Visitor: 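Before I ask anything, here is the structure I am working with.
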Amino acid sequence: QVQLVESGGGSVQAGGSLTLSCAASGNVGTFNYITWFRQAPGREREGVAAIFYGDFRTVYSNSVKGRFSISGDNAKKSVYLQMNNLKPEDTAIYYCAAGLLIHHSYWSASSEYRYWGQGTQVTVSS
């Protein structure tokens with residue numbers, strides 16, 4: 001079992017920044033990806049950024065590329081999402097998820113992730 005706890009959400013004005021944290025505990029050897037997803041009201045859950053622990057490669061959705069940055073520690077215990085130049089459309093509940101993926105192309109598929117945090121709200125006002 002793996003437990004994930006997000007923190008760092010809040011309210012910010014457009015153009016501002018926030019850093020989200022995801023603390024992992026339990027059997028961290030059972031996953032090779034941690035990914036940040038988000039879900040806005042009435043919208044599907046969207047993969048935002050992922051880190052692959054094989055070589056620490058990172059990947060981003062087009063909607064956040066150049067504005068968000070994901071990082072993680074070697075122990076697979078902490079993952080961060082630095083969010084800059086936030087926009088109102090970034091408003092959502094943000095979740096971190098851990099999974100054992102067999103191919104990098106599946107990184108944004110929520111069905112590939114077994115473990116999920118409870119989510120943290122990010123609200124960006126214009």
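Bear in mind the structure is a predicted one, so any value in this text is a computation, not a measurement.
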Visitor: Between Gln82 and Thr19, does any side-chain donor sit less than 3.5 Å from a side-chain acceptor?
Guide: yes

Visitor: Do you know which two heavy atoms are closest between Ser17 and Asn85, and how far apart they sit?
Guide: OG-N, 4.3 Å

Visitor: Check whether any side-chain heavy atom of Val5 sits under 4.5 Å from a side-chain heavy atom of Gln118, and report yes or no.
Guide: yes

Visitor: Do Tyr60 and Ser69 touch side chain to side chain, with heavy atoms closer than 4.5 Å?
Guide: yes

Visitor: Just wondering, more than 12 heavy atoms not from Glu44 lying within 6.0 Å of its CD?
Guide: no

Visitor: Out of curiosity, Trp36 CH2 to Leu81 CG, how far, rounded to the nearest 0.5 Å?
Guide: 6.0 Å

Visitor: Go through it in stages, so that I can follow the logic: the residues are Leu101 and Phe52, the test is side-chain contact (heavy atoms from CB on, under 4.5 Å), and I'd like the CA-CA distance, side-chain angles, deciding distance and then a yes or no.
Guide: CA-CA 9 Å; Leu101 276 61; Phe52 169 54; over 6 Å; no

Visitor: Run through Val12, Leu20, Asp90 and flag the one making a side chain to side chain contact (heavy atoms under 4.5 Å, CB included) with Met83.
Guide: Leu20

Visitor: Checking the side chain of Asn32 only, and the main-chain atoms of Gly54 only, is there a donor and an acceptor separated by less than 3.5 Å?
Guide: no

Visitor: Take a 6.0 Å sphere around CD of Gln3 and say whether it holds more than 12 heavy atoms from other residues, nucleotides or ligands.
Guide: yes

Visitor: In Å and rounded to the nearest 0.5 Å, what is the CZ to CZ distance from Arg38 to Phe68?
Guide: 5.5 Å

Visitor: Can you see which heavy atom on Pro88 is nearest to which on Ala14, and at what distance?
Guide: CD-CB, 4.1 Å

Visitor: Are any side-chain N or O atoms of Thr91 and backbone N or O atoms of Val124, one a donor and one an acceptor, separated by less than 3.5 Å?
Guide: yes

Visitor: Which heavy atom in Ala49 sits nearest to a heavy atom in Trp107, and how many Å separate them?
Guide: N-CZ3, 3.8 Å

Visitor: Cation over ring, Arg114 on Phe31, under 6.0 Å and within 45°?
Guide: no

Visitor: Tell me whether Thr123 contacts the main-chain N or O of Ser11 through its side chain, where contact means a donor paired with an acceptor under 3.5 Å.
Guide: no

Visitor: Does Lys76 count as lying over the ring of Tyr53, i.e. NZ or CZ under 6.0 Å from the six-ring centre, within 45 degrees of the axis?
Guide: yes

Visitor: Group every Ile, Leu, Val, Met, Phe, Trp and Tyr by side-chain heavy-atom contacts under 4.5 Å, then state whether Ile70 and Val28 land in the same group.
Guide: yes

Visitor: Look at the side-chain heavy atoms of Ile, Leu, Val, Met, Phe, Trp and Tyr, link any pair under 4.5 Å apart, and say whether Val59 and Val48 land in one connected group.
Guide: no

Visitor: Do His104 and Tyr33 have side chains that get closer than 4.5 Å, going by heavy atoms?
Guide: yes

Visitor: In Å and rounded to the nearest 0.5 Å, what is the CG to OH distance from Leu4 to Tyr95?
Guide: 13.0 Å

Visitor: May I ask you to check whether Trp116 and Phe37 place their ring centres under 6.0 Å from each other?
Guide: yes

Visitor: Closest approach of Gln121 and Ala92, non-hydrogen atoms and distance?
Guide: NE2-O, 3.4 Å

Visitor: To the nearest 0.5 Å, tell me how far Ile93 CD1 sits from Glu6 CD.
Guide: 10.0 Å

Visitor: State, to 0.1 Å, how close Leu18 and Val122 come at their nearest heavy-atom pair, and which atoms those are.
Guide: CD1-CG1, 3.9 Å

Visitor: Going from OG1 on Thr58 to CD1 on Ile34, what distance comes out if it is rounded to the nearest 0.5 angstrom?
Guide: 14.0 Å

Visitor: Nearest 0.5 Å, what's the CD-OG distance between Gln1 and Ser25?
Guide: 10.5 Å

